[in-house]
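Here's the structure, in structure tokens; my notes come after.
Being a predicted model, the structure only gives us computed values, none of them experimental.
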Amino acid sequence: MRIISGNFKGFRLFSSKSSNVRPTADSIKERIFAVIGSCDGKAVLDLFAGFGGLGLEAVSRGASSAQFVDISADSLSTIKKNIAKLGVASSCKIQKKTAESFLKKNTDAFDLIFLDPPYEHNLLSPVLDLIYEKKTLAPKGIIVVEHSAKEPITNSNFNLFKEIKAGNTILSFLGNIK
């Protein structure tokens, strides 16, 4: 996996040795960032961060800060290595927590939230509900959800403004209600 654009374009990222981590393919990242547009000055939250590829891509594209949340020690170790490789420690924060425990205590709002939970573990609705309840998404923010086609988003708190199908994966782009 590599950074596909921005200040760190072409940098190869360390990946996790865990079989539980499903890295986002470069072609999918290109589609995600084509919809998002500019990341300049945005505060980013990467939930179920894996090795941090999406959050670090946003940092490469000008995001002002990124928080990475994952429960796996292996994933967090890999994220730390990637942050060090890119030299962006001053703009990144790592949290060893479940997405739910992080969201319950978080008081910050983010402009861009990446949500890529393990497929078919019924985590989407509870996490989206917490993001809404705790006002974790900034007023003009975007949530990018990478999920299985077998697990549709049923949450009605956010406006689904774009959906892209890529094989068994769906990319859903959500924002605050109209």
Begin with the C-alpha distance, continue with both residues' side-chain angles, and end with the deciding distance and a verdict on side chain to side chain contact (heavy atoms under 4.5 Å, CB included) for Val44 and Phe110. CA-CA 6 Å; Val44 175; Phe110 296 89; 5.8 Å; no
Validation row: [X], [Y] side chains within 4.5 angstrom (heavy atoms):
{"X": "Leu171", "Y": "Ile32", "answer": "yes"}
{"X": "Leu13", "Y": "Leu86", "answer": "yes"}
{"X": "Leu160", "Y": "Ile153", "answer": "no"}
{"X": "Asn82", "Y": "Phe11", "answer": "no"}
{"X": "Leu115", "Y": "Leu128", "answer": "yes"}

I'd like to know if the side chain of Lys29 and the backbone of Arg2 have a donor-acceptor N/O pair within less than 3.5 Å.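 Yes; judged by distance alone, with no hydrogens or angles, the pair exists.
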Does Asn168 use its side chain to pair, donor to acceptor, with the backbone of Ser148 at less than 3.5 Å?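 Absent.
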Between Ile164 and Ile36, is there a shared hydrophobic cluster once you connect ILVMFWY residues whose side-chain heavy atoms come closer than 4.5 Å?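 Shared cluster, yes.
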Quick test of your reading of the model: are Arg61 and Glu57 salt-bridged, counting only N-O distances below 4.0 Å?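 Looking at Arg61 and Glu57, the cut-off is met.
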Report the relative orientation of the aromatic rings in Tyr132 and Phe158; use parallel for angles under 30°, tilted for 30 to 60°, perpendicular for over 60°.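 Aromatic pair Tyr132/Phe158 classed perpendicular.
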Residues in side chain to side chain donor-acceptor pair (under 3.5 Å) contact with Ser77, at least two apart in sequence or another chain: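 Partners of Ser77 by the side chain to side chain donor-acceptor pair (under 3.5 Å) criterion come out as none, since no residue qualifies.
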Checking Lys85 against Phe14: charged group under 6.0 Å from the ring centre and within 45 degrees of the axis?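 Relative to the ring axis of Phe14, which defines the angle, Lys85 lies inside both limits.
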